Amino acid sequence: MKIVAREIPPRAVWTLEQAGVHPLLARLYAARGVRAKDELDDDLARLLPPQGLKGIAAAARLLADAVARDQRLLIVADYDCDGATACAVGVRGLRLLGARHVDYLVPDRMTDGYGLTPPIARRVKERGADLLITVDNGIASVAGVAEAKALGLSVLVTDHHLPGPELPAADAIVNPNQPGCGFESKALAGVGVMFYVLLALRSELRARALLNADTQPRLDPLLALVALGTVADVVKLDANNRRLVAQGLRRIRTGTLPAGVAALFTAAGRKAQAATTFDFGFALGPRINAAGRLADMTLGIECLLTDDSGRAAELAGTLDRINRERRTIEDGMRGQAMLLAENLCAGGAAPPPAISVFDPDFHEGVAGIVASRIKDKLHRPTFVFAASRAPGKEHELKGSGRSIAGFHLRDALDLVAKRHPGVLLKFGGHAMAAGCTLAAQTFAVFEQALAQVAQEWLDAPTLTRRIETDGPLAREYCRAEMVDTLHREVWGQGFAPPTFSEEIEVLSQRLVGDKHPALKLKLRHQGHPVDGIWFGHTEPLPARVLLAFRLDVNEYQGERKVQFLIEGAQLSQSPG
């Protein structure tokens, strides 16, 4: 573990302060690459224009023609939060823009697998659709699109995942990561891509004189869903994504949000009027994702689509119960998976450069979460495999992987596939998260092959867990009002939430919790007492230690006190 303070460019800090940015925020923004106040402008007018997306004009024409002909549109969604929000944005937006027949279908994680497959295309045809629209999937669905076209369907692919060597033969493809697309924000989530397609469709309908400035519907109420899906998918929060998220948060806080999102806030015990990106990533997102992991993502999508508050509350309650079940399954599976992973470090040896674990009792739906937990603890690219539950596929293993900075997981899988043809039956994903399918008997081959790639690509500094921080926290900012200010800002992947670090005196410490233990601390920060807690940590700390911590507010009997959430400790202050 190494705690490293970010470089803070003094000129950028000074420029932001002179422009009226709070001194602490100026320091935090400058450390994250912001150089001028206008970069913080989150007005909708500052969004990148839709025209920059390759294929979006063709997509708008295709959709406008379908609306004009009163065709039946069917969205094929993905079974995660990004896919669910993208589907809800698509259904709501297309109906607002005049489509009278809009339906959706979401594959089952266990039986259908990922993306638009030929059987899914046939189901779409059987539902009587004329135009098939993928959201958050489709860029790798060469066979599925070919089947849909052979059945006489028009196909629009909207996606954000990295393409393979061959693109599907769709009527239109909108994906910022497809070859030849010059769109500046490659980090758009699937829900962001769908929102942009709706903006382009509205422009096309205006060009056809079917709408004008007075009659066109407002699409900004959809931004609550765009923000939720963007944060939950852990895409990089570049300037454009931060604007989308900020706009969504603003509307949620002022009460402009779908009934289902409001119900999810209630089910999670959160306040919509004080919504934060943390709520999206750790409260609402997991409840929607739970449906796709253990049940049917239709529940999540219906929750996001309903305008009936009673129905929304019922669905949100169901999602909350499924999420509690997910936690129970995860708790048991995580213990076993962690034991398997730690057995790879027998005798106190360092973990292998990449970790792959499998157990016949593992649940496919939570494999990705468990992989993330192992990755966080051991700081290694990690795959967790479960036996497929799809009929006729019992001999296959499905793996979910999570990576560390500096190791592009999808590219690693691509190299494994080239070195060992036939081992990976299919694979896909991003730099930090990916999935794959392999035959059960080839697990050992995959395990060794991935570790070999990691051995070649990763060096010792990359394999050492580092926590980047914003350095010491001035005592004057250690107050509840300042924490509230920080929480209201847009933080997330690629724009890390504020984490501070300094040597702190430990006054007392004790373990709390049974099932989920934590270290409860009494600290002295710059001469002043402050509470601290380190979730999931059980080892005692020395009397003085360099701590990395985030800020939170603990409310008890009406009193609000600052609390340090410990992220890590460096026992020796080695250089760097």
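Position 1 is the first residue of the sequence, and the numbers go up from there. This one's a predicted model, so the numbers in the text were calculated from it and none came from an experiment.
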Q) Which residues satisfy the ring-ring contact (aromatic ring centres under 6.0 Å, His included) test with Phe280, sequence neighbours excluded? A) none

(Q) Run the ring-ring contact (aromatic ring centres under 6.0 Å, His included) test against Phe265 and tell me which residues pass, sequence neighbours left out. (A)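 ring-ring contact (aromatic ring centres under 6.0 Å, His included) check on Phe265 returns nothing, list empty.
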
Would a 4.5 Å heavy-atom cut-off, applied to side chains only, mark [X] and [Y] as touching?
{"X": "Leu486", "Y": "Leu28", "result": "yes"}
{"X": "Cys436", "Y": "Phe383", "result": "yes"}
{"X": "Pro540", "Y": "Gln509", "result": "yes"}
{"X": "Ile374", "Y": "Val384", "result": "yes"}
{"X": "Val416", "Y": "Phe446", "result": "yes"}
{"X": "Val453", "Y": "Phe407", "result": "yes"}
{"X": "Trp457", "Y": "Pro353", "result": "no"}
{"X": "Ile139", "Y": "Ile173", "result": "yes"}

Q.
Under 6.0 Å between ring centres: does that hold for Phe183 and Tyr196?
A. yes

Q) What do you reckon, are the aromatic ring centroids of Phe385 and Phe358 less than 6.0 Å apart? A)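 No; Phe358 has its ring centre 6.0 Å or more from that of Phe385.
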
Donor-acceptor pairs are to be reported for all side-chain atoms of residues 327-346 against protein atoms at under 3.5 Å, with residues two or more places apart or in another chain.
{"residue": "Thr328", "atom": "OG1", "partner": "Arg324", "partner atom": "O", "Å": "3.2"}
{"residue": "Glu330", "atom": "OE1", "partner": "Arg326", "partner atom": "NH1", "Å": "2.5"}
{"residue": "Glu330", "atom": "OE2", "partner": "Arg334", "partner atom": "NH1", "Å": "3.2"}
{"residue": "Glu330", "atom": "OE2", "partner": "Arg373", "partner atom": "NE", "Å": "3.0"}
{"residue": "Glu330", "atom": "OE2", "partner": "Arg373", "partner atom": "NH2", "Å": "3.2"}
{"residue": "Asp331", "atom": "OD1", "partner": "Arg334", "partner atom": "NH2", "Å": "3.1"}
{"residue": "Asp331", "atom": "OD2", "partner": "His516", "partner atom": "NE2", "Å": "3.4"}
{"residue": "Glu342", "atom": "OE2", "partner": "Lys377", "partner atom": "NZ", "Å": "2.9"}
{"residue": "Asn343", "atom": "ND2", "partner": "Leu339", "partner atom": "O", "Å": "3.3"}

Q | side-chain hydrogen bond (donor to acceptor under 3.5 Å, both in side chains) between Glu456 and Gln452, worked out | A | CA-CA 6 Å; Glu456 296 168 10; Gln452 180 62 36; 2.9 Å; yes

Q: Go through the structure and list residues passing side chain to side chain donor-acceptor pair (under 3.5 Å) with Glu447, not counting sequence neighbours.
A: none

Going from [atom1] on [X] to [atom2] on [Y], what distance comes out if it is rounded to the nearest 0.5 angstrom?
{"X": "Lys236", "Y": "Leu188", "atom1": "NZ", "atom2": "CG", "answer": "13.0 Å"}
{"X": "Ile404", "Y": "His379", "atom1": "CD1", "atom2": "NE2", "answer": "4.0 Å"}
{"X": "Ile467", "Y": "Lys2", "atom1": "CD1", "atom2": "NZ", "answer": "13.0 Å"}
{"X": "Ile288", "Y": "Ile322", "atom1": "CD1", "atom2": "CD1", "answer": "12.0 Å"}
{"X": "Trp491", "Y": "Leu237", "atom1": "CH2", "atom2": "CG", "answer": "11.0 Å"}
{"X": "Trp534", "Y": "Glu567", "atom1": "CH2", "atom2": "CD", "answer": "9.5 Å"}

Only distances under 3.5 Å count here; give the side-chain donor-acceptor pairs of residues 8-15 to other protein atoms, sequence neighbours excluded, each with its distance to 0.1 Å.
{"residue": "Thr15", "atom": "OG1", "partner": "Arg11", "partner atom": "O", "Å": "2.9"}

Q.
Minimum heavy-atom separation for Gly229 and Thr85, please, with both atom names.
A. CA-OG1, 3.3 Å

(Q) How close do Cys181 and Gly52 get, counting heavy atoms only, and between which atoms? (A)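 That closest heavy-atom pairing would be SG-O, 4.0 Å.
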
Tell me whether [X] contacts the main-chain N or O of [Y] through its side chain, where contact means a donor paired with an acceptor under 3.5 Å.
{"X": "Ser141", "Y": "Leu116", "result": "yes"}
{"X": "His22", "Y": "Leu24", "result": "yes"}
{"X": "Arg380", "Y": "Pro352", "result": "yes"}
{"X": "Asp470", "Y": "Thr499", "result": "yes"}
{"X": "Asp82", "Y": "Gly190", "result": "yes"}
{"X": "Lys398", "Y": "Arg109", "result": "yes"}
{"X": "Glu364", "Y": "Ser388", "result": "no"}
{"X": "His408", "Y": "Asp411", "result": "yes"}

**Q.** Test applied, side-chain hydrogen bond (donor to acceptor under 3.5 Å, both in side chains); reference residue, His160; option that passes from Asp136, Asn137, Asn177, Asn175
**A.**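 It is Asp136, the one option of Asp136, Asn137, Asn177, Asn175 that forms the side-chain hydrogen bond (donor to acceptor under 3.5 Å, both in side chains) with His160.
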
Q: Test side-chain hydrogen bond (donor to acceptor under 3.5 Å, both in side chains) on His525 and Glu502 and set out the steps.
A: CA-CA 9 Å; His525 171 252; Glu502 54 193 291; 3.0 Å; yes

**Q.** Phe427 six-ring face occupied by Arg410 cation (under 6.0 Å, within 45°)
**A.**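 No, a cation-pi geometry is absent between Arg410 and Phe427.
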
**Q.** Test side chain to side chain contact (heavy atoms under 4.5 Å, CB included) applied to Leu551 and Val562, step by step
**A.** CA-CA 7 Å; Leu551 298 178; Val562 171; 4.2 Å; yes

(Q) Test: side-chain hydrogen bond (donor to acceptor under 3.5 Å, both in side chains). Region: residues 284-293. Which pairs qualify, not counting sequence neighbours? (A)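 Checked against side-chain hydrogen bond (donor to acceptor under 3.5 Å, both in side chains) - neighbours excluded - the pairs reaching residues 284-293 are Arg287-Asp320.
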
Q | Atom CD of Glu184: over 12 foreign heavy atoms under 6.0 Å | A |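 Check fails, neighbour count at 12 or below.
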
Q | Flag if over 12 foreign heavy atoms under 6.0 Å of NZ, Lys186 | A |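 Buried by this count: over 12 neighbours within 6.0 Å.
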
Q: Walk me through it: do Glu39 and Tyr29 pass the test side-chain hydrogen bond (donor to acceptor under 3.5 Å, both in side chains)?
A: CA-CA 10 Å; Glu39 296 177 47; Tyr29 287 142; over 6 Å; no

Q. Between Asp42 and Arg250, does at least one N-O distance fall below 4.0 Å, as a salt bridge requires?
A.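 Result for this pair is yes, salt bridge flagged.
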
Q: Consider only side-chain N and O atoms of Asp238 and Ser185, and report whether a donor and an acceptor are under 3.5 Å apart.
A: yes

Q) Any idea how Tyr114 and His161 line up, ring-wise: parallel (<30°), tilted (30 to 60°), or perpendicular (>60°)? A) perpendicular

